[in-house]
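Working notes, structure below.
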Amino acid sequence: MPFFRFGPAPDTTKTVDPVAAASPYSVSKVLGRPIPIVIGTGKVDGIPVVGGAISASISTGFTEVKATNLSNLHDYPAGSQWKNGSYFDSGGIVLVPTYGTQQTTQLGYLLAYDPFGDGYELIRLEINDTVVFDAENGIGASETFRFYGGTQTAVDPITQAVIGTKAGAWQGFAMVFLSGYVASSAPSVKAVISNASTDTPADGDIVWTGTAPSGVIDAFPHGSAYDPSESVIYQILQPTDIPSLSQIYLAVLDVDTRQERYRVPLEGSEPYAVGRDVNDSQLTIPIAMTGTGLLLIQLWGAEATPRLSGIYDSATGHLIASQIDTANMMWFTGQQFGQLWVFIGHNFDAGTGVTGIFDPVKGTFDVDPEGVPGRYQVVNGRVTTGFTSFFTATSSFTGDADIYELRFDGDAWISTLLHSLTGLSGLSASVLWYDPLTGYLVVGSALDGSINRWLYIDPEDGSVIDTFDTAKMGFNSVFTLPRLHNRLISRPGFVMMLWSDGDPDEPAYEIITLDIQAKTISTFATDVVPPFTDATRFSYLIADQGRSLWMSALGEYVWTVHRQPNTIPGSVSLRWMLTKIMSLAGYTPEELTFDGPDWGGDPDPEPDDPDPIDPAVDAVWALDFLAEAYTHLGIPVTLADIIDKPARVGASGLEILQEDADGVVSAIGDFLTDLLTLNWTIVIEWEELTSSFFTELLFLFEPGNHHSMAIDRFGSVGLPMQGYESGVQGREVNNTDTFGPGVHKVAFTSTAISGISMSTDGCAVSSDTSPRDIDPMVTASFGGPPDGSYNACFIRKIYLLPPRDDADLRGLSALA
């Protein structure tokens, strides 16, 4: 992206002194260096301006000392311990720690000057030419640093320690401070910063709209799957989760809006809906069929009940095709091949691989319990016009393992040996991954001698393209944690892994990534599992590198969305840039004239306040609950012919009760008929009473397939507005301002052809022009779905108009 840099020319009368590279290093003279100004997004080099290096004592190992005092370890230096963990197993040997010194950085770097007061966002940071933070690609901070964008008011501890009481915050300057970076000489710092960027939404819990799980704590969230194309988690709910259930349910959880969309009972699941008296934990397992809204679900019940493997429709819970399992088996993963879906799993009785072929045209699901050789590690492979494949690895206790490709051409399976691993310190490969960008099969394994060895293999002939070692390696599909399949969603060119430091008392768990072409490891997220959590539950994390987020539900009855510090540089017009530049010379936007069509948009991204538009003009329905005046096409009508609870209207408007089974108000008669067309613009003025989670203004529902349309104020953080249609094809719009207690007005358009659009309180219009694929609606209610309300509020006015242009929505929603 183009950008501008400004700064004084270097002082040519004297040489610019760099940071001293000797040990220990410190800041020397930096006068004469130009300080850049970035307009848009650009790369800058850090100028060290304060601090230097410090030496710290570090543990270098242990020395064995024969104990002379058997009472305790108090007579030995701090950190001493008995060999093998206890006196009785030590042979009287004490391990006494040894120490050395290590030089670390305590340096502050100046990146850029901010004359506009906008502040900069950090997009990317490189230390010694190694990327340690990349907000676009989901690489979290893998080194210790602090970034200040220019609007800071606090003094950094390094500045405070060096300058003392007169230290300032360096406000107006973008700064990076390195604290604890190990280096024998002053490291180089390069950064990409932006004052035209967009941040992702905040972290938060996904809120249940139905009954929340409350059963066995270790049951939830075993039965879960993730579809990255739909940005949803599919969560199985059964009596181990909600004891009152008589069927197994599928809940669809929206990762972006952080709420449960809906839940449906799974057809034919009654025999498998058993509680904690039969199973201590949830066993039913789903596999998402990405982008289709379908799932392969294996239902588990009592031991004597044969399991069922079926293809389910997530919108309806309808069972499309199924087979009764004839073996003790578990499904691992699947992928699409032409019109077919191909699945693979493991048969524990025969020690073979299970295969399943779903044909949606024929509506058949053919399962072969001994379809391929049995290997417990399986990952998705190649998809070509002639075949689809999976890569597998054997496991053994002999220090070796074999890597295979299993190909399916539509009729038969072929197993091809690609490579043999030797000298392993574990059961098998730790990492097995096919990367569609490079075409490499990436294999990582731990070798004897604490060596982490990587191989890039050509799947065509099994030849090794490259090999290298790294200090750190995780795992993405291992013998002991089989449920990792399709839960680590890597961007092309990367491999996501889980990693633990192995501390037996308080282990730390991280998500890390391998950059395949750069051959470097970066940290994606730290502290992803609470201390002392059972390591096997590590496998129920979900991470999506492309969306820069990860989800967890460890030890809780709720999924939590954790978003990486993800910042996307925005596009800026030449007009925007030149307006910024000219402001440095004292020119205001009003003093500038741009002739011609190619300058780009208005430099001010915030629209002017709109002129209010009276929604009563040309309204089909005009319902003023404050004035108690109601018209249809300009003709007065009776309130009792419009809504089912006319007695709810009072001095404050139409009252919606707080979380009440009978708290909603439903539309009836011709008003209902017109709402169900979903071909209108509706304007709703309401009084918001609370800052708590969820206020439903309008909810249309189709109970057969659970399709819906809604307008609501949601979010535990920010209190934004959303409108959506949820069907086979979903559409969604959002107004991200804060709409807390007080009077607000929303204008929302829904049409089959033009899409949906929304503005609240005159804010910028949000639109979604995706095609509509939603069943005809049946009910329309205010305050929540027909079975109960959410937040209490007062609806003051409702206007239903013919569909209006998006340009009118800001005026229609503006409060007079």
Side-chain angles (χ1 to χ4, degrees), residues 201 207 209 230-232 252 254-262 615 656 664 667 674-686 688 693-702 706-715 718-740 744-775 777 779-785 789-791 793 795 797-814:
V207 177
T209 56
E230 299 290 333
S231 191
V232 296
V252 181
D254 192 308
V255 172
D256 293 328
T257 63
R258 301 204 310 270
Q259 69 175 10
E260 178 187 2
R261 290 183 182 176
Y262 59 87
I656 303 300
V664 304
D674 287 348
L675 284 171
L676 297 182
T677 64
L678 282 179
N679 186 51
W680 35 250
T681 293
I682 194 169
V683 179
I684 301 176
E685 181 180 310
W686 84 102
E688 185 67 57
F693 176 66
F694 200 75
T695 301
E696 190 82 81
L697 297 179
L698 175 63
F699 186 87
L700 276 65
F701 188 56
E702 181 278 316
H706 292 255
H707 290 187
S708 61
M709 173 268 148
I711 305 171
D712 46 54
R713 198 275 285 143
F714 74 105
L719 304 179
M721 289 287 294
Q722 74 167 354
Y724 68 85
E725 293 175 353
S726 177
V728 177
Q729 169 83 33
R731 306 195 289 191
E732 180 180 322
V733 290
N734 293 275
N735 297 153
T736 55
D737 293 345
T738 296
F739 303 100
H744 303 284
K745 187 159 60 169
V746 60
F748 179 92
T749 297
S750 174
T751 68
I753 298 175
S754 300
I756 61 175
S757 302
M758 182 174 70
S759 171
T760 309
D761 293 354
C763 75
V765 176
S766 172
S767 300
D768 186 340
T769 58
S770 303
R772 172 184 284 170
D773 193 352
I774 185 173
D775 290 350
M777 298 290 100
T779 66
S781 51
F782 302 94
S789 59
Y790 298 115
N791 282 343
C793 67
I795 296 177
K797 300 174 184 179
I798 298 174
Y799 301 94
L800 195 68
L801 302 86
R804 301 291 291 265
D805 292 337
D806 285 1
D808 293 336
L809 296 188
R810 294 185 60 228
L812 288 169
S813 71

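Under the salt bridge (charged side-chain N to carboxylate O under 4.0 Å, His left out) criterion, Glu688 pairs with Arg713, not counting sequence neighbours. Qualifying salt bridge (charged side-chain N to carboxylate O under 4.0 Å, His left out) partners for Asp674, counting only residues two or more places apart in sequence or in other chains: none. Partners of Glu725 under the salt bridge (charged side-chain N to carboxylate O under 4.0 Å, His left out) rule, at least two apart in sequence or in another chain, are Arg731, Arg772.
Aromatic ring centres of Phe701 and His706: separated by under 6.0 Å.
Looking at every heavy atom in both residues, Ser708 comes nearest to Tyr724 through OG-CE1, 3.6 Å. What you find for Gly783 and Ile656 is that their closest heavy atoms are CA-CG2, 3.5 Å. Nearest approach of Ser813 to Ala747, heavy atoms of both residues: CB-N, 3.8 Å. Nearest heavy atoms, Glu696 versus Ala710: OE2-CB, 3.4 Å. The two residues Asn735 and Cys763 make their nearest non-hydrogen contact at CG-SG, 3.4 Å.
If you take CD1 on Ile711 and CH2 on Trp686, they are separated by 9.0 Å, rounding to the nearest 0.5 Å. With rounding to the nearest 0.5 angstrom, the OG atom of Ser726 is 12.5 Å from the CG atom of Leu700. We find the CG-CE distance between Leu697 and Met721 to be 5.0 Å, quoted to the nearest 0.5 Å. The distance from atom CE of Met758 to atom OG of Ser750, rounded to the nearest 0.5 Å, is 12.5 Å.
Of the possible donor and acceptor atoms, none in the side chain of Gln722 sits under 3.5 Å from a partner among the backbone N and O of Asn734. Of the possible donor and acceptor atoms, one in the side chain of Thr681 sits under 3.5 Å from a partner among the backbone N and O of Arg804. No donor-acceptor pair under 3.5 Å is formed between the side chain of Ser757 and the backbone N or O of Thr749. Remark: the backbone N or O of Leu675 is paired with a side-chain donor or acceptor of Trp680 at under 3.5 angstrom. A side-chain donor-acceptor contact under 3.5 Å links His707 to the backbone of Asp775. In this structure, the side chain of Asp254 engages the main chain of Asp256 through a donor-acceptor pair within 3.5 Å.
Using a 4.5 Å cut-off on side-chain heavy atoms (C-beta onward), Val232 and Arg261 make contact. Taking the side chain as every heavy atom from C-beta outward, Val664 and Phe782 never approach each other to under 4.5 Å. With contacts defined as side-chain heavy-atom distances shorter than 4.5 Å, the pair Ile682/Ile798 qualifies. Counting only heavy atoms from C-beta outward, the side chains of Glu260 and Val252 never approach each other to under 4.5 Å. At least one side-chain heavy atom of Leu678 sits under 4.5 Å from a side-chain heavy atom of Met777.
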Candidate pair Ser767 and Asp806, rule side chain to side chain donor-acceptor pair (under 3.5 Å), full reasoning:
CA-CA 8 Å; Ser767 300; Asp806 285 1; 3.0 Å; yes

Show, in sequence, the C-alpha distance, side-chain angles and deciding distance for Thr751 and Asn679, and conclude whether the side chain to side chain donor-acceptor pair (under 3.5 Å) test is met.
CA-CA 5 Å; Thr751 68; Asn679 186 51; 5.2 Å; no

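Using bins of under 30°, 30° to 60° and over 60° for the plane-to-plane angle, the ring pair Tyr790/Phe694 lands in the perpendicular bin. Using cut-offs of 30° and 60° on the angle between ring planes, the pair His744 and Phe739 is perpendicular.
Checked against Tyr799 for a side-chain contact (heavy atoms from CB on, under 4.5 Å), the options Ile684, Leu812, Val683 give a single hit: Val683.
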